[in-house]
Each structure stands twice: as structure tokens, then as C-alpha cells.
**Q** 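The structure's right below; bear with me while I get my questions together.
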Amino acid sequence: MFTPRGSGNPPPVRRDQVEPDQRRSGRVEPAGRGASKPVLFDAVLLDRDGTLIEDVPYNGDPDKVRPVPGAREALDRLRAAGLRLGVVTNQSGLARGLFTAGQMRAVHARVEELLGPFDTWQVCPHDERAGCDCRKPAPGMVRAAARALGTSPQRCVMVGDIGADMTAAGAAGAAGILVPTATTRPAEVAAAPAVVADLPAAVTAILARAALVTGPAPGPRRGTVLVARSDSAGDVLVTGPAVRAVAAGAERVVLLCGPRGRDAAALLPGVDELIEWPLPWIDGDPAPVDPDDVHALTARLAAVGADEAVVFTSFHQSPLPLALLLRMAGVPRISAISDDYPGSLLDVRHRAPAGVPEPERALSLAAAAGFALAPGDQPTLRVRTAGLPAPPSRLGRPGYVVVHPGSAVPTRACPPELAARIVRVLAAAGHRVVVTGGPDETTLTAQVAGDAGLDLGGRTGLAELAAVLAGAGALVVGNTGPAHLAAALGVPVVSLFAPTVPYGQWGPYRVPAVRLGDAAAPCRDTRATRCPVPGHPCLAAVEPGRVLDAVRLLGVPADAPATTAGPTGAVTSVPGPGAPAVVTGGGSSR
């Protein structure tokens, strides 16, 4: 049987009635096949002034070039690891006439004399008035550097000292590491996905993250592996790369999930069988522990006949209760991340550093358990797209902007009034706007869509939402499951991110994204599910115009000329689609 009768389980489904795409044919190649080795990073892009060398404003004199401490040794470590290096720098002094192109080339020659060669130099010669798409925080130079290095932005990491560097990296889909200086604003530090003390520390972090997810060389397939990831849809989706790694090295994969993650689990490639069972030590709103239910779960786990188990958890959860049941079910080998002493419950007790993105944290456990992504598979989120329901015909052609205002966790939801203003501003700028929400959010989506957006509230389960998102130009959403679904589909995200959990861990992974919201709000790192500060200030202060700017920064074109908003609109005029995108929270004269 696909799932047994029992508390929290759907009706039984025969194994031969399972969707074919959910079985091994879900495009997870066996170990040893494929064209390329999975890589986390293969290029490092660096800001020039303040990151590689001391910041001398508008410098055209090679004699004033001074590397930051430890720069040469740090860069040589990257070169020795086989990583390609590029420089991505704003040089508005050219447009201002403060130095010549020849003087700039002389400065760059001196930089290479002191720090070694770089594989590409990307320079924006414009000032902030030009409206170009290369000047950071625009992502143009990051994309150009990736092309010059023969890779993609998703396989690059950008190191810089101001918020504009991080915004440019995120909008291109690259990772970002901030190395603050005395001129870096506190708000920029708070909003950065990762922060380290200096350039050598950034290099150490890059190499450590790459090593963390590197699994063993392909070997013989192991038997049946039970993987567990209980929690919400977003939690299941970010575990997808690790599940694929297990699937690449196992004959059969059985996934234990909870009711809130079941629909997401059904979309993961590499899963042969699902078991849905609520776990009272994981669920956010748990029922009392029922001994009969625990005994039934133990019996169900024993019936799997697993040769081993890998228990995936979030950083604040314990795998040990489930590990105990797995031991009682006779599973001979169990792997998990555990800070608590596991006694004899775990065979592989893995430690993962704090702050790494959740997909990499899960991949690191898979690697510790002896599983690696198949050659040709890369560490990105993925879902099955074959077999998705057809999107509503009234969506029209692809390129619309989806606004998803709700969330199962109130602190992460966009305030309804703000979401409605965002829809009106996007529509006034010429974008087609689609508003989505679950069955219990129809009142919310109707309010948000108004007469400016297409209301699909209550009509999109997770598979239907995936079909809608697949044609979107961008998604505007809080820190909730649809953000990770968009990332799995490669759809850019405007992330209205409440800072109750770290953005570097839970932000959209390896997809173009722009973060908005007050990253230093009092709710920061509280993990609160209900807003502890009246008025939801971390998101309520976001101006809808900044969402429009972010959509433009992500390169999503409008479908029609901009119009003046009506009496209920938040603006009286909107710049045309060709106007420059300006996302504040970072940047300097350079």
C-alpha cells in the first residue's frame, strides 16, 4: 500500500496507482550517470574598493592602491581550489571626468600586480543618473561576469562591503557575503544574507560551504532508504536537493512527511513512496501524544523494511524522538543532525554550522550519510513539472506578476492593506497581477486583488499554484512556502521577508530575488509566529513603489504603458517600464 489507514493519513492508494513521475522516473539520475559534477560555487566575484583594496574615492593613481590585509593569501586559496575570480566594480569617476579610462586601467594593472590575476573585470562607468542596468545594485555586471567566466550567476558568490553589492548579487541569483567596513550602514549589515569580519574570513566561509555539501564518489546503490522531513511545504521543498542526493544512491526512497508538507512531498523528484503521519514533537499545533498512534507509526516504519534512515530537521528541531521510533522499528542505520547527545540512537551524528542556507544544511547531512547528488544534478530546488494541472486560461500569456499575501504563520504574511496597494501600483505600472491564496484566504485575496488584479484565491492547491507560478515573471511574497516553490521553478522573487528567522537560511535559494522589509526590526531572530510588535512594522513600512522597483530590477517587463492610479491608488504617477530601478538600502558614490 502507498499509505496505511491511520490518524492523519489519506485513503490508501495502491502502489501501481501512484503517479509515474513520483517514482524513480522523476528525473533523478542514478549515481555514475550524467555529464558534470555537482558544484556549489565555481566563481567568486569581488567588489574592488573597500573589499579588495582600501577605498580611495575616485582613485586614478596606481601608487595609492593598498590591498586590504590578507587579500593576496585569501585570493590564492580560491585559485588553488579551482575557483575563477572576477571583479565587479562601480566606477562613476569615469562619467564624472575625475579620472580617465587609461588611469583606471593602470590602477587595475597595479591591483593585479599586488593580488594576482583576475579572470574578468566588469566595470560600470556610469553615474547614478544614467539609469543603466550595470551599475550596482542592478545585477547587470554580475550576470555579465558569470557569462565571461562560462558559468551562471547561481554558481557565483559575490563578496562586497555595501548593500548595493548584496542587492546586485541577489537580483542576479548569486550568493552574497558582506564584509563590512567603517562606512557600511547598520541596515546593510542587518539585511545581508551572510556577514563576516574580513576578506580572509569570506574565503574561509566560501570554501567551507562548498566542502560541507560535497558527498562521496558514486558507489554501489544502497537498498531502501527512509528519509523524514516533517513540517510545512516550504520545509519539504528546501530539503529537495538532499532527497535527490539520497535517491541518486539508493534503490528505493520512502519519504515520511506531515500533513502540511504532503502536497510538496508529492512534487519532489526521486521519491518512490510517501508516508504521511503527523509528529507531535514537530507540528506547530500538535495534538496530544497518543500511545496507540505512536505504536501504529512504529509498526508502519517497520513495514518499510528500510536498510537505513536519514532524518532531516530544521535547525531548531530534534531528530531524536523519531530516531527512537526508528530504532524500535529495527532500522539498522540512522543519520541526523543533532546538537543533543544521541546515545545509541544515531549511527551518524552530524554537526552543521549555524547560518548556512537550509538546503545546504540538509545536503550536508546527506553527504555525511554517504549520499551525493547525481552527476549532472546541481544543488538547486526542483519540483516535478510533468503532470501539473493546466493553469487557468484567463491568465493569458506568461510574464504576469503573482502576489501571494497570506501565510500559515501570521508574522510572515504581508499586511493586507499593503498587499492591496502593491497590486494597484503594479497594475498602474502596466503589469498584469494575479493574486493567489489558499481555500481559507478567499476574503483576503478578494480584498487584495480589488479591481486591479486577477483573484485566484481558494482555487490553487500546491500543484495548481506551481502551474500558475511556472508562467510568472516574478512572485511577490513573504517568507512562506510559495517563495520556495517559485525558487524550485526558477521564478524570481520579491521577498517581503519578516526577520523572525535569518534571511541567509530561509530566503529564496539560488534564484534571482530582492529582499524588502526592515531587517533590523525588533522581531529579528525571535522565531515568533505572531507579531510581537504592534503594527507589523518590519513589513508595514515597505512602500509599494519599492516593490515595483524590485520587479524592474529583476528584469520583469510591464505589459502595458504606465497609467495614473485611480482614487484608491497609492500613487498618482508611475515611471514607465524603461525607468531605472532603484532599490535603496545600500550603495555609495562609488
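Below, each value reflects all heavy atoms present in this structure, side chains not excepted, and no hydrogens, waters or symmetry copies. The first residue of the sequence shown is numbered 1, and numbering continues consecutively from there.
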**Q** Salt bridge check: are R421 and E417 linked by an N-O gap of less than 4.0 Å?
**A**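 Result for this pair is yes, salt bridge flagged.
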
**Q** Can you see which heavy atom on H404 is nearest to which on L475, and at what distance?
**A**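 Minimum heavy-atom contact is CB-CD1, 4.1 Å.
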
**Q** Can you tell me if CG on D525 sees more than 12 non-hydrogen neighbours from other groups inside 6.0 Å?
**A**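 More than 12 within 6.0 Å, yes.
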
**Q** Closest approach of L320 and P342, non-hydrogen atoms and distance?
**A**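 Nearest heavy atoms, L320 then P342: CD2-CB, 3.8 Å.
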
**Q** For R515 and A191, indicate whether the former's side chain and the latter's backbone hold a donor-acceptor pair under 3.5 Å.
**A**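 Side chain of R515 to backbone of A191: a pair is present.
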
**Q** Can you name the side-chain contact (heavy atoms from CB on, under 4.5 Å) partners of A174, sequence neighbours left out?
**A**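 For A174 the side-chain contact (heavy atoms from CB on, under 4.5 Å) partners, ignoring immediate neighbours, are V142, C156, A169.
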
**Q** Less than 4.5 Å apart, side chain to side chain, heavy atoms only: is that true for I177 and M158?
**A**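 No; the side chains remain at least 4.5 Å from each other.
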
**Q** Rounded to the nearest 0.5 Å, how far apart are CZ of R48 and CG of D165?
**A**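 The CG atom of D165 is 12.5 Å from CZ of R48, to the nearest 0.5 Å.
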
**Q** Are any of the side-chain heavy atoms of V547 and V542 separated by less than 4.5 Å?
**A**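 When only atoms from C-beta onward are counted, V542 and V547 do touch, with a gap below 4.5 Å.
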
**Q** What closest approach, in Å, do L516 and A550 show between heavy atoms, and which atom pair accounts for it?
**A**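 Closest pair (atom of L516, atom of A550, distance): CD1-CB, 4.4 Å.
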
**Q** Can you check whether S314's main-chain N or O pairs, donor with acceptor, with Q317's side chain at less than 3.5 Å?
**A**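 Side chain of Q317 to backbone of S314, a donor-acceptor pair under 3.5 Å: yes, one is there.
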
**Q** Return the set of residues passing side-chain hydrogen bond (donor to acceptor under 3.5 Å, both in side chains) with D518 (not counting sequence neighbours), or none when no residue passes.
**A**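 Expected list: none.
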
**Q** Give the minimum heavy-atom separation between P269 and V243, together with the two atoms involved.
**A**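 Residues P269 and V243, closest heavy atoms: O-CG1, 4.4 Å.
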
**Q** Closest approach of F312 and A366, non-hydrogen atoms and distance?
**A**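 Closest heavy-atom pair between F312 and A366: CE2-N, 4.3 Å.
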
**Q** Quick one, H484 with N479, criterion side chain to side chain contact (heavy atoms under 4.5 Å, CB included). Give me CA distance, side-chain angles, the key distance, then yes/no.
**A** CA-CA 9 Å; H484 304 301; N479 175 28; 4.1 Å; yes

**Q** How long is the span from the CG atom in L207 to the CG atom in L83, to the nearest 0.5 Å?
**A**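 It is 6.5 Å, given to the nearest 0.5 Å.
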
**Q** Are the side chains of V159 and V179 in contact, using a 4.5 Å heavy-atom criterion?
**A**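 Yes, close enough: below the 4.5 Å cut-off.
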
**Q** Answer yes if the side chains of R260 and S230 hold a donor-acceptor pair under 3.5 Å, and no otherwise.
**A**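 No donor-acceptor contact under 3.5 Å links the two side chains.
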
**Q** Could I get the full list of side-chain hydrogen bond (donor to acceptor under 3.5 Å, both in side chains) partners for D76, not counting sequence neighbours?
**A**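 Only R72, R79 meet the side-chain hydrogen bond (donor to acceptor under 3.5 Å, both in side chains) criterion with D76.
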
**Q** Taking Q378 for its side chain and V39 for its backbone only, find out whether a donor-acceptor pair lies under 3.5 Å.
**A**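 Yes, because the side chain of Q378 sits within donor-acceptor range (under 3.5 Å) of the backbone of V39.
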
**Q** Measuring only between side-chain heavy atoms, which start at C-beta, is P180 closer than 4.5 Å to V195?
**A**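 Answer yes - side chains close enough.
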
**Q** What residues, two or more places apart in sequence or in another chain, satisfy side-chain contact (heavy atoms from CB on, under 4.5 Å) together with D285?
**A**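 Counting only residues at least two positions away or on another chain, D285 forms no side-chain contact (heavy atoms from CB on, under 4.5 Å).
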
**Q** Quick one: do the R351 and S364 side chains pair a donor with an acceptor below 3.5 Å?
**A**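 Judged by distance alone, the side chains do not pair up.
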
**Q** Before giving the answer on side chain to side chain donor-acceptor pair (under 3.5 Å), spell out for R349 and S335 the whole-Å C-alpha distance, their side-chain angles and the decisive distance to 0.1 Å.
**A** CA-CA 6 Å; R349 179 194 183 187; S335 304; over 6 Å; no

**Q** Are side-chain heavy atoms of D47 and V88 found at a separation under 4.5 Å?
**A**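 Answer no - side chains too far apart.
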
**Q** Measure from the side-chain N and O atoms of R510 to the backbone N and O of Q154, and report whether any donor-acceptor pair falls under 3.5 Å.
**A**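 Confirmed, R510 side chain pairs with Q154 backbone.
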
**Q** Would you say the side chain of L52 lies within less than 4.5 Å of the side chain of L199, judging by non-hydrogen atoms?
**A**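 In short, these two side chains touch, coming nearer than 4.5 Å.
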
**Q** When you compare the side chain of V196 with that of T204, does any pair of heavy atoms fall below 4.5 Å?
**A**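 Side-chain contact under 4.5 Å: no.
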
**Q** Tell me if a side-chain donor or acceptor on H536 pairs with a main-chain N or O of A413 at a distance below 3.5 Å.
**A**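 Checking the backbone N and O of A413 against the side chain of H536, a donor-acceptor pair under 3.5 Å is found.
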
**Q** Hey, what do you get for CZ (R84) to OG1 (T120), rounding to the nearest 0.5 Å?
**A**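 Nearest 0.5 Å value for the CZ-OG1 distance: 11.0 Å.
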
**Q** Between Q91 and T89, is there a side-chain donor-acceptor contact under 3.5 Å, judged purely by atom types and distance?
**A**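 Present: a donor and an acceptor within the cut-off.
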
**Q** For the pair S338 (side chain) and D340 (backbone), establish whether a donor and an acceptor sit closer than 3.5 Å, ignoring hydrogens and angles.
**A**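 Yes; at least one donor-acceptor contact below 3.5 Å.
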
**Q** According to side-chain contact (heavy atoms from CB on, under 4.5 Å), who are the partners of A190, at least two apart in sequence or on a separate chain?
**A**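 Listed in chain order: A519, A520, R524.
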
**Q** Pick from T239, V310, L268: which one makes a side chain to side chain contact (heavy atoms under 4.5 Å, CB included) with V227?
**A**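 Filter result, single survivor: V310.
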
**Q** Give me the atom names and distance for the closest heavy-atom approach of A266 to R384.
**A**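 Minimum heavy-atom contact is O-NH2, 2.6 Å.
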
**Q** Say whether, by atom type as modelled, one donor and one acceptor occur between the side chain of R244 and the main chain of A374 under 3.5 angstrom.
**A**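 Such a contact is absent between R244 side chain and A374 backbone.
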
**Q** With rounding to the nearest 0.5 angstrom, report the OG1 to CD1 distance, T181 to I162.
**A**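 It is 8.5 Å, given to the nearest 0.5 Å.
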
**Q** Given 3.5 Å as the limit, does a donor-acceptor pair link the side chain of K136 with the main chain of M141, or not?
**A**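 Absent.
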
**Q** Assess whether side chain to side chain contact (heavy atoms under 4.5 Å, CB included) is satisfied between V236 and D231, documenting all intermediate values.
**A** CA-CA 7 Å; V236 172; D231 220 325; 6.0 Å; no

**Q** Could you grab the distance from atom CG of D49 to atom CG of D55, nearest 0.5 Å is fine?
**A**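 D49 CG to D55 CG: 5.0 Å, rounded to 0.5 Å.
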
**Q** So, taking the atom named CG in D339 and the one named NE2 in H350, what distance separates them when rounded to the nearest 0.5 Å?
**A**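 Result: 10.5 Å between the selected atoms.
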
**Q** Please check: side-chain N/O of N90 versus main-chain N/O of R135, any donor-acceptor pairing under 3.5 Å?
**A**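 Not confirmed, N90 side chain does not pair with R135 backbone.
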
**Q** Would you say the side chain of Y400 lies within less than 4.5 Å of the side chain of V468, judging by non-hydrogen atoms?
**A**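 Yes, at least one pair of side-chain atoms sits under 4.5 Å.
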
**Q** For a side chain to side chain contact (heavy atoms under 4.5 Å, CB included) check, start with the C-alpha distance between R382 and D377, then their side-chain angles and the critical distance, and finish with the verdict.
**A** CA-CA 10 Å; R382 278 174 49 200; D377 194 1; 3.2 Å; yes

**Q** List, one per line, each side-chain donor-acceptor pair under 3.5 Å for residues 488-502, sequence neighbours excluded.
**A**
none

**Q** If we ignore angles and hydrogens, is there a donor and acceptor under 3.5 Å between the side chains of D161 and T184?
**A**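 T184 and D161 do not have a side-chain donor-acceptor pair below 3.5 Å.
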
**Q** Would you say Y509 and E358 are linked by a side-chain donor-acceptor pair, where the criterion is simply a distance under 3.5 Å?
**A**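 No, no side-chain donor-acceptor pair sits under 3.5 Å.
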
**Q** Tell me whether R361 contacts the main-chain N or O of T313 through its side chain, where contact means a donor paired with an acceptor under 3.5 Å.
**A**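 Pair found, side chain donor or acceptor close to backbone of T313.
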
**Q** I'd like to know whether L45 forms a side chain to side chain contact (heavy atoms under 4.5 Å, CB included) with L149, so could you lay out the CA-CA distance, the side-chain angles of the two residues, the decisive distance to 0.1 Å, and finally the verdict.
**A** CA-CA 10 Å; L45 311 179; L149 297 173; 3.9 Å; yes

**Q** For the rings on F118 and W121, is their centre-to-centre separation under 6.0 Å?
**A**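 Between F118 and W121, the centre distance is under 6.0 Å.
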
